[in-house]
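Quick note on labels: first sequence line is chain A, next is B, and so on, each numbered from 1.
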Number of protein chains: 2
Amino acid sequence: MTKKKSKHPTLSEVAKKAGVGTTTVSRVINGGQRVDPQTLARVQKVIESLGYMPNQAARILKGDRTRSIGFVIPSIADPFFSSCAEAAQAIARAHDSLLIVLTTQNDAHAEVESVNVLLRHRADGFILAPGNSQSQVLRTLLKRVQVPVVTLDRPMEGMPIPAVVADNFAGARMATRHLIDHGYRRIACLTGEPTLYTLHERIKGYQKEIETAGLEMILDASIKDYRSAEYAVESVLAAPNPPDALLTLKNSTTIFVFEALQKLGISVPERVALLGYDDFELAATVRPSISVVQQPIEALGRTAAELLFSRMLDGAGAEKDRGKMVELHTRLIPRASCGCRPPQN
Amino acid sequence: MTKKKSKHPTLSEVAKKAGVGTTTVSRVINGGQRVDPQTLARVQKVIESLGYMPNQAARILKGDRTRSIGFVIPSIADPFFSSCAEAAQAIARAHDSLLIVLTTQNDAHAEVESVNVLLRHRADGFILAPGNSQSQVLRTLLKRVQVPVVTLDRPMEGMPIPAVVADNFAGARMATRHLIDHGYRRIACLTGEPTLYTLHERIKGYQKEIETAGLEMILDASIKDYRSAEYAVESVLAAPNPPDALLTLKNSTTIFVFEALQKLGISVPERVALLGYDDFELAATVRPSISVVQQPIEALGRTAAELLFSRMLDGAGAEKDRGKMVELHTRLIPRASCGCRPPQN
DNA sequence: CTGAAAGCGCTAACAT
DNA sequence: ATGTTAGCGCTTTCAG
């Protein structure tokens with residue numbers, strides 16, 4: 001109401017009011033090197049009184065980094081990705097950068113749009129969990145991107161983009177092996193959307209181990225919600241030669257299947273054992289407790305962010321990581337549902 | 001390797017290559033109004049071939065909005081806040097804006113720093129879930145903020161900032177009433193950090209209803225992890241006149257307490273009933289299923305974001321919402337742990 | 001130690 | 001319909 005546009009005070013306003021040049025003010029807000037202590041104090045006082053804050057846009061325009069990175073994931077409500085996000089945000093903060101979260105529901109169009117948004121905002125780099133590594137539009141777009149990119153959880157196969165993933169294949173093999181070691185011989189694998197890289201890899205791991213052991217593969221990839229899980233469990237157990245163990249390949253599937261088993265009154269692990277992929281908060285609390293393959297979720301997010309920053313800071317030397325794939329190890333957490341412990345624990 | 005700095009192509013480069021003025025290019029990228037179809041096509045072709053993308057920073061510098069909003073929350077791994085974030089991000093996207101997520105672990109210093117970061121970036125507004133509404137630094141800072149702010153889940157008491165919260169007081173009253181109606185007479189309330197607005201309100205609701213019914217208040221606000229939960233459950237049940245019902249006031253507390261009850265082999269609801277605050281994925285699946293007060297989480301995030309945008313778009317007219325407090329209703333989901341259903345369900 | 005001045009990429013008068 | 005030009009707020013040579 002006093003000035004013309006009552007907006008934010010500018011650097012030159014500070015300079016004028018402090019009776020110094022803009023250069024000096026600039027120096028002050030950038031660490032105060034090479035400035036007379038007297039002037040420095042005076043300028044700081046003016047900054048204080050005016051409530052001045054440097055305008056990022058102007059700095060960026062001068063060619064600086066934007067100090068922001070993008071984080072493009074299917075959903076932020078998904079505990080897997082929200083934990084990754086928490087870790088990534090911590091790394092971003094440590095590098096004095098902002099994390100811009102964009103969600104895509106695994107939709108290729110949304111992914112392209114998100115990347116475009118980040119490009120316009122001149123994000124310094126971004127982390128991406130692509131729903132489908134085959135999307136041509138996305139691949140084409142990514143080829144033109146000038147800033148560092150790191151994929152998380154799912155690589156863009158055949159592209160020179162570093163990826164941070166869990167060892168899905170090995171994890172599923174280990175899980176299958178564990179069930180075999182328990183003496184189970186008819187091990188069914190339950191999952192959803194095998195188009196996702198992670199699930200695809202896990203299915204391959206299951207398959208590999210089953211074949212190695214000379215057993216029969218029993219695969220049902222139709223699970224998308226509780227309904228389909230209940231249906232799948234009923235059908236598979238009603239078959240002539242029903243499975244004695246169930247391997248579920250992702251968190252929601254495990255939970256749906258567990259709910260179905262419970263609802264149908266099927267005793268675990270007596271009638272059928274259960275081993276899930278992805279740990280979850282109540283896995284150790286439900287009865288029976290659920291054995292799972294645990295992914296290093298937090299480490300995935302952290303590693304992806306660290307890798308991204310290392311590439312960003314490396315300048316052009318980022319070549320060294322091109323197409324590099326970091327595989328983090330998963331662990332098997334044995335609990336009661338696979339038969340490792342009495343059902344009461 | 002061809003040009004000097006091999007950076008992003010600029011608008012004037014496009015103009016030059018297309019043989020037009022910068023204004024024309026500007027018009028093209030802003031909808032192409034008042035441009036000859038011929039030229040428009042030509043310019044678009046050049047844009048395409050150069051892979052040109054407008055530089056947001058330059059636009060912002062011209063005085064435009066930054067088309068980004070801040071989202072400052074304690075943690076993004078917390079399912080409550082990540083669901084809010086998902087909803088807020090959807091609204092932001094609908095308004096063609098970015099969501100910048102900042103986490104604070106409820107630390108006042110981190111909150112102030114986060115707000116400062118957003119201010120420097122000239123975010124168009126932000127949503128904030130303050131850990132402690134009393135923090136003087138934060139209050140002072142917020143007073144100087146020029147852009148719209150909306151608090152989420154926890155208001156800044158006594159400040160002219162609109163708040164979107166759940167009806168914590170009413171929710172806890174309703175829960176307590178429900179237990180009383182079941183015939184329980186010794187109802188213990190278990191919780192953590194009563195400094196948080198939400199918990200404080202819920203405790204007051206519990207207290208109010210207990211007093212109204214002429215019962216004795218039994219409060220333990222010491223729960224912060226599984227250890228303390230187990231300890232609290234043991235002590236409270238070992239007392240001379242132990243409770244016949246437990247009311248837990250937040251999601252993690254409910255889960256810790258449930259785990260402790262299970263571990264200690266205490267039958268629910270026979271020996272002691274349990275009613276929790278916040279629904280969670282397996283609440284209906286564990287045995288017994290847990291009755292809870294369910295918060296409209298997604299609506300909280302959505303409403304906060306909508307309110308923020310309405311204030312942002314309102315220009316100065318945003319006065320109308322000053323200090324307004326939107327209270328969203330919670331629901332009681334009766335399951336087995338309070339005695340509403342046989343333990344098997 | 002400090003200041004003047006030249007842009008960074010874009011938009012918006014103001015011309016033509 | 002389209003070009004010219006003056007900044008937006010800041011950093012950064014280059015001279016004092």
Side-chain angles (χ1 to χ4, degrees), chain A residues 3-44 46-47 50-68 119-124 146-147, chain B residues 3-44 46-47 50-67 119-124 146:
Chain A
K3 296 286 175 60
K4 38 189 172 184
K5 291 172 70 183
S6 93
K7 258 311 181 185
H8 299 273
T10 74
L11 182 145
S12 62
E13 271 165 46
V14 174
K16 190 177 306 172
K17 184 156 175 196
V20 300
T22 59
T23 316
T24 305
V25 180
S26 179
R27 287 208 183 93
V28 170
I29 64 180
N30 287 300
Q33 298 302 301
R34 304 156 135 277
V35 180
D36 183 291
Q38 303 263 319
T39 349
L40 194 147
R42 184 153 38 93
V43 173
Q44 278 174 331
V46 176
I47 287 176
L50 250 38
Y52 167 76
M53 308 213 93
N55 182 329
Q56 272 299 123
R59 289 177 152 178
I60 293 166
L61 192 51
K62 278 306 283 183
D64 258 38
R65 300 188 288 137
T66 60
R67 296 203 167 276
S68 62
L119 258 24
R120 276 197 290 276
H121 275 259
R122 298 293 190 267
D124 299 330
Q146 308 271 355
V147 295
Chain B
K3 295 287 175 61
K4 38 190 172 184
K5 291 172 70 182
S6 91
K7 259 309 183 187
H8 299 273
T10 75
L11 182 146
S12 61
E13 271 165 48
V14 174
K16 190 177 308 173
K17 183 155 175 197
V20 300
T22 59
T23 315
T24 305
V25 180
S26 179
R27 289 209 181 94
V28 170
I29 63 181
N30 287 301
Q33 298 302 301
R34 304 158 134 277
V35 180
D36 183 291
Q38 303 262 319
T39 357
L40 193 149
R42 184 153 39 94
V43 173
Q44 278 174 333
V46 176
I47 287 176
L50 250 39
Y52 167 77
M53 309 213 92
N55 182 329
Q56 271 299 122
R59 289 176 151 178
I60 293 166
L61 192 52
K62 278 307 283 184
D64 258 36
R65 299 188 290 138
T66 60
R67 295 201 167 275
L119 259 24
R120 277 197 289 276
H121 275 259
R122 299 292 190 267
D124 300 330
Q146 307 271 358

Legend entry - Stepwise side-chain contact (heavy atoms from CB on, under 4.5 Å) check, B/N30 with B/R59: CA-CA 11 Å; B/N30 287 301; B/R59 289 176 151 178; 3.3 Å; yes
Inset, instruction - Could you tell me whether B/G19 contacts a base, only the sugar-phosphate backbone, or nothing, with contacts defined as non-hydrogen atoms closer than 4.0 Å? - result: sugar-phosphate
Inset, instruction - Dump the intermediate steps for side-chain contact (heavy atoms from CB on, under 4.5 Å) on A/S26 and A/T22, then the final yes or no. - result: CA-CA 6 Å; A/S26 179; A/T22 59; over 6 Å; no
Legend entry - Within-4.5 Å side-chain heavy-atom neighbours: A/H121 and A/S68: no
Inset, instruction - For B/E13 and C/dC8, give me the distance from atom CD to atom C1', rounded to whole Å. - result: 12 Å
Legend entry - Interatomic distance where NE2 belongs to B/H8 and C1' belongs to C/dC10 [whole Å]: 15 Å
Legend entry - Contact under 4.0 Å: A/R34 side-chain N or O vs C/dC1 OP1/OP2: no
Legend entry - Phosphate OP1/OP2 of C/dT2 contacted by A/T23 side-chain N/O (<4.0 Å): no
Inset, instruction - Send over the distance from B/L11 CG to D/dT5 P, rounded to a whole Å. - result: 16 Å
Legend entry - Short side-chain N/O contact to C/dG3 OP1/OP2 from A/T24, under 4.0 Å: yes
Inset, instruction - Give a yes/no answer on whether the side chain of B/T10 brings an N or O atom under 4.0 Å of OP1 or OP2 in C/dC8. - result: no
Inset, instruction - Would you tell me if any nitrogen or oxygen in the side chain of A/R59 comes within less than 4.0 Å of OP1 or OP2 on D/dC10? - result: no
Inset, instruction - For A/V20, answer base if it contacts any base atom (sugar-phosphate contacts may also be present), sugar-phosphate if it contacts only those atoms, and nothing otherwise; contact means non-hydrogen atoms under 4.0 Å. - result: sugar-phosphate
Inset, instruction - Find the distance B/N55:CG to C/dG9:C1' and express it as a whole number of Å. - result: 6 Å
Legend entry - D/dA1 OP1/OP2 closer than 4.0 Å to side-chain N/O of B/T39: no
Inset, instruction - Indicate, with a heavy-atom threshold strictly under 4.0 Å, whether B/I29 touches base, sugar-phosphate, or nothing. - result: sugar-phosphate
Inset, instruction - Kindly indicate, with the supporting measurements, whether the criterion side-chain contact (heavy atoms from CB on, under 4.5 Å) is fulfilled by B/N55 and B/H8. - result: CA-CA 9 Å; B/N55 182 329; B/H8 299 273; over 6 Å; no
Legend entry - Atom pair distance, as rounded to whole Å: CZ in B/R27 and P in C/dC14: 14 Å
Legend entry - Distance, rounded to the nearest Å, where A/Q33 contributes CD and C/dC1 contributes P: 10 Å
Legend entry - Criterion side-chain contact (heavy atoms from CB on, under 4.5 Å) on B/L11 and B/I29, from CA distance to verdict: CA-CA 9 Å; B/L11 182 146; B/I29 63 181; 4.0 Å; yes
Inset, instruction - Calculate the interatomic distance between B/I60 atom CD1 and D/dC10 atom P; express it in whole Å. - result: 14 Å
Legend entry - Whole-Å distance separating the CG atom of B/N30 from the C1' atom of C/dG9: 13 Å
Inset, instruction - Check whether the side chain of A/K62 and the base of C/dG7 form a donor-acceptor pair under 3.5 Å. - result: yes
